[in-house]
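So you know, we letter chains A, B, ... as the sequences are listed, proteins then strands, and number each from 1.
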Amino acid sequence: MEKIKRLIQDDKQKIKVALTLFLFGLVILLITNIRGIEWHIPLELLTKSTFLIAYGIAGFSVLRTAWNKLTQKDWMNEFFLMSLASLGALAIGEWPEAAAIMIFYEIGEYAQSIAIFRSRKSISDLLDLSVDICVVERNGEHVEVDPSEVEIGEIILIPAGSRIPLDAEIIEGRGEIDTSALTGESLPVAVDVGDKIMSGSLNLNTVLRAKVDATVDDSTLYRIIELSDEASLRKGKTERLISRFARYYTPIVIVLAFLFAVLPPLITGDPFSMWFERTLNLLVISCPCALVLSVPLSYFSGLGLASTRGIVIKGGDVIERFAQVETIVFDKTGTLTTGKLELSRIESYTDHFSEDELFALALALERGSTHLVADSLRRFAEQLEARGETVATVEVQDLEELPGRGVRGRRDDIVFYIGNTRLMSDIGLVVPETDESLSVVFFAMCSGVEEKRDSERTEEGVLGYLTDVDLLASFLFEDEVREEIPAILRKLKKLGVKKLAMYSGDRKSVVKRQAQVLGIDRYEGELLPQCKLQRLEDDIAEKRHNMNVAFVGDGINDAPALSIADVGIAMGAIGSDAAVEAADIVLTRDELSAIPEALQISRKTKRIAVENIILALGLKVAVVVLSFFGIGGMWAAIFADVGVTLICIANSFRITRGSKLDWRHAGA
Amino acid sequence: MKTIRLRFTGTACAACCAKIEDEIRKLNGVGDVSISVMTGLVKIKLDSEKKESILKESKAIFDRIEPSAQFQI
């Protein structure tokens with residue numbers, strides 16, 4: 001008895017045993033049919049009891065639940081209807097069908113629970129990335145503690161080959177980390193002192209010493225887990241619609257079944273028994289679960305896939321809205337440019353030095369500087385050398401950085417200055433007008449007077465009264481557009497995004513040039529933050545019905561824009577509370593290529609969800625229609641029902657098999 | 001009104017989850033409720049004074065509609 005009880009409670013075992021018995025019964029039936037063996041009492045008893053036992057094993061819990069609910073006066077549920085259908089089949093002597101109804105119903109239910117557990121794996125996989133023990137330096141000793149006991153600012157040691165327990169900044173060690181579980185980036189990332197490392201990444205080859213940036217609860221890994229979990233609660237329109245539909249589905253089927261049983265025989269005079277069987281067919285398809293599950297299952301698969309690619313989408317509603325995106329607005333700062341300057345050209349105003357000499361001098365003067373200009377000059381020199389050209393080395397003395405202005409240095413008796421307009425006016429120069437679309441620094445020299453240094457300089461940085469000051473040249477720089485951006489933007493257009501816009505606080509001319517390089521349709525520069533917001537609102541007002549506007553920001557100071565857009569996308573901002581709160585999509589990898597990817601995932605997810613609905617509803621309607629005409633019979637209904645469940649599940653899993661999407665931005 | 005997060009373990013059928021949502025939403029003192037059939041997360045926005053009774057009733061609703069899911073208060 002105990003054994004049977006356990007068997008009935010174990011879904012997998014129950015299905016196995018019942019299915020075996022069922023097939024055994026079918027084989028006997030088949031043999032007797034083919035061989036034309038006389039259908040005698042013992043054989044009949046054997047097959048019937050085989051089917052009956054299979055029915056009992058598979059159907060016991062359904063029957064019991066149906067009965068329990070019935071005692072609570074609840075009969076509008078699929079348990080009752082499945083019981084009714086199978087008991088009806090028994091009543092008209094269709095033993096194999098009765099067993100099949102219960103067995104395949106249970107198979108369908110089992111497949112659904114497997115599907116749910118499998119999908120939950122995307123979150124449990126993330127949980128597996130967390131670490132139980134981490135090594136922290138305290139009072140000069142290394143202690144092993146739980147990561148939750150580590151405070152911000154403490155120093156941790158991360159051995160090679162272990163997961164990074166907390167978000168931290170490297171203070172010692174240089175190596176490679178594998179961030180693939182969080183960002184989908186398959187190549188190892190090189191890290192060095194000063195770099196930030198994310199919890200959940202794998203430290204590959206060297207010991208790293210790092211200063212902790214965030215507690216466990218605020219760490220990247222936990223934020224992603226929390227967001228993914230929470231995302232399952234935010235339901236899209238489709239999901240709501242289907243849930244609402246499910247409420248009416250069962251009553252509709254009951255009414256139809258009743259009409260089937262009663263009306264046609266009364267009208268046509270057909271025997272009641274003929275229509276009774278057709279009625280049972282309807283009851284077999286009375287469970288709307290596969291239909292209702294297919295939508296959240298698809299969405300959840302989509303969310304899970306995105307999270308493994310460094311894209312955290314905050315819910316099914318976001319997937320739906322982003323799939324219908326028409327306009328994408330970029331906040332330029334940091335999202336489209338590298339933040340590096342590129343030397344465009346040198347405008348010379350002097351005959352004393354050639355352009356090469358000017359460059360060599362400037363390079364020498366900027367030698368000790370970490371400013372963007374210095375970086376750019378060094379990179380330019382490297383490019384020249386790579387091309388086989390030589391860059392002369394010039395000796396300069398007394399190098400000095402002038403904060404907010406530029407640099408100064410001396411060569412023999414001449415003092416050179418490189419810096420902005422402010423520095424030039426400090427030394428008494430009026431600068432000429434230059435190409436507005438470029439960033440510019442000026443190069444000047446002062447040869448006449450031995451400069452009296454500290455005594456003549458005030459705290460405001462006025463450099464003294466100089467004579468014989470000459471402007472030598474201006475260096476013009478372009479704000480470097482990220483190399484991969486134009487291709488990514490072309491890809492977005494190819495995916496059907498109608499309008500790309502860029503609203504920036506930068507100079508109009510700079511924005512204009514960049515927009516042209518990037519192929520951006522609408523742009524505006526020199527905008528104050530509130531004006532940017534106004535432009536975004538205009539775009540939202542202009543959008544077509546059912547279409548949406550997305551805003552891409554870096555999460556710093558753009559929370560209002562992230563929240564008013566239909567889809568707010570925060571890049572690389574998982575650490576910022578305000579950005580995570582306001583955004584709908586948070587990118588853990590700081591790459592714009594995640595955006596077309598997110599769009600493809602959203603579209604595919606939505607498409608598959610819709611396919612599932614059409615498929616499930618279509619098959620159910622087909623069963624109703626065919627039953628009405630008496631075609632197909634109960635077997636068709638049974639297989640249609642379990643088939644729908646299996647196909648919908650398989651279809652949803654197609655989302656996570658992302659092979660059809662080309663992840664790289666190669667498409668452009 | 002405050003929002004609380006709970007979980008159910010085991011699996012529930014999707015249509016049942018929708019039914020359970022509907023019934024919990026109708027409870028006195030409940031602002032909104034969302035249940036995820038996928039993660040088993042249950043988020044209820046409720047009147048904090050009625051928290052105890054709402055949770056008890058919610059559990060009863062779970063037990064009645066979907067006995068195979070264990071709702072943990």
Side-chain angles (χ1 to χ4, degrees), chain A residues 9 11 61 64-65 68-69 72 74 76-79 108-110 112-120 122-124 225-226 228-235 239-240 242-247 249-250 286-301 303-304 315-316 648 652, chain B residues 1-48 51 53-73:
Chain A
Q9 280 162 355
D11 289 335
S61 59
R64 193 182 53 187
T65 313
N68 285 343
K69 289 190 178 228
Q72 292 165 355
D74 172 14
M76 277 267 193
N77 56 68
E78 66 275 7
F79 302 102
E109 294 293 299
Y110 183 63
Q112 290 179 40
S113 61
I114 296 281
I116 290 174
F117 281 121
R118 235 195 86 169
S119 308
R120 283 183 191 170
S122 64
I123 288 183
S124 61
I225 293 171
E226 224 177 74
S228 310
D229 221 12
E230 187 85 13
S232 67
L233 288 170
R234 280 180 50 173
K235 296 168 187 179
E239 195 171 347
R240 276 181 225 280
I242 284 296
S243 302
R244 208 174 308 144
F245 172 78
R247 251 173 268 165
Y249 178 80
T250 311
S286 66
C287 178
C289 269
L291 179 60
V292 182
L293 181 67
S294 70
V295 182
L297 188 61
S298 310
Y299 283 157
F300 197 70
S301 301
L303 297 172
C648 286
S652 304
Chain B
M1 282 281 167
K2 76 171 194 191
T3 305
I4 55 165
R5 281 175 186 72
L6 295 154
R7 257 178 213 286
F8 70 81
T9 52
T11 50
C13 101
C16 300
C17 278
K19 253 190 228 170
I20 294 169
E21 252 184 25
D22 282 350
E23 295 211 9
I24 294 180
R25 195 173 291 119
K26 279 186 204 138
L27 293 178
N28 193 8
V30 172
D32 199 10
V33 57
S34 183
I35 299 175
S36 166
V37 63
M38 300 308 301
T39 54
L41 212 56
V42 180
K43 187 162 121 179
I44 310 178
K45 203 169 141 197
L46 46 67
D47 188 339
S48 27
K51 186 179 157 188
S53 68
I54 289 171
L55 290 184
K56 240 165 116 188
E57 285 176 74
S58 303
K59 184 163 171 54
I61 292 171
F62 257 96
D63 290 344
R64 179 161 49 80
I65 297 179
E66 183 55 284
S68 65
Q70 290 83 45
F71 182 50
Q72 284 146 350
I73 303 184

Handout entry: Atom group of A:Leu297 that falls short of 4.5 Å from chain B, counting heavy atoms
Key = both
Fill in the blank from the handout: Max heavy-atom pairs within cutoff under 4.5 Å with chain A, candidates B:Gly10, B:Ala18, B:Ala15, goes to B:Ala15
Practice task
Please report the closest heavy-atom contact between A:Arg247 and B:Asp22, naming both atoms and the distance.
Solution key: NE-OD2, 2.6 Å
Completion exercise
Between A:Thr65 and B:Pro67, the two heavy atoms sitting closest are CG2-CG, 4.4 Å
Exercise for the section: Let me know if A:Glu230 has heavy atoms under 4.5 Å from chain B in its side chain, its backbone, both or neither. Expected result: both
Problem - B:Lys59 NZ: over 12 foreign heavy atoms closer than 6.0 Å - result: yes
Fill in the blank from the handout: Value for CE (B:Met38) from OG (A:Ser119), rounded to nearest 0.5 Å, stands at 3.5 Å
Handout entry: Lys/Arg-Asp/Glu bridge criterion (N-O < 4.0 Å) met for A:Lys235, B:Glu21
Key = yes
Problem - Interface moiety of B:Arg64 toward chain A, non-hydrogen atoms closer than 4.5 Å - result: both
Completion exercise
Applying a strict 4.5 Å limit to non-hydrogen atoms, the region of A:Phe117 in contact with chain B is side chain
Problem - A:Asp229 with B:Lys43: basic N within carboxylate O range, under 4.0 Å - result: no
Fill in the blank from the handout: Nearest heavy-atom contact between A:Cys289 and B:Ala14 is SG-N, 3.9 Å
Handout entry: Spacing of CG belonging to B:Asp32 relative to CG belonging to A:Leu233, to within rounding of 0.5 Å
Key = 10.5 Å
Exercise for the section: Nearest 0.5 Å please: distance from the SG atom of B:Cys16 over to the CZ atom of A:Phe79. Expected result: 5.0 Å
Problem - Step-by-step side chain to side chain contact (heavy atoms under 4.5 Å, CB included) determination, A:Phe300 to B:Val37 - result: CA-CA 10 Å; A:Phe300 197 70; B:Val37 63; over 6 Å; no
Exercise for the section: Identify which part of A:Asn77 has an atom lying under 4.5 Å from any heavy atom of chain B, answering side chain, backbone, both or neither. Expected result: both
Problem - Gap between atom CD of A:Glu109 and atom SG of B:Cys13 - 0.5 Å precision - result: 6.5 Å
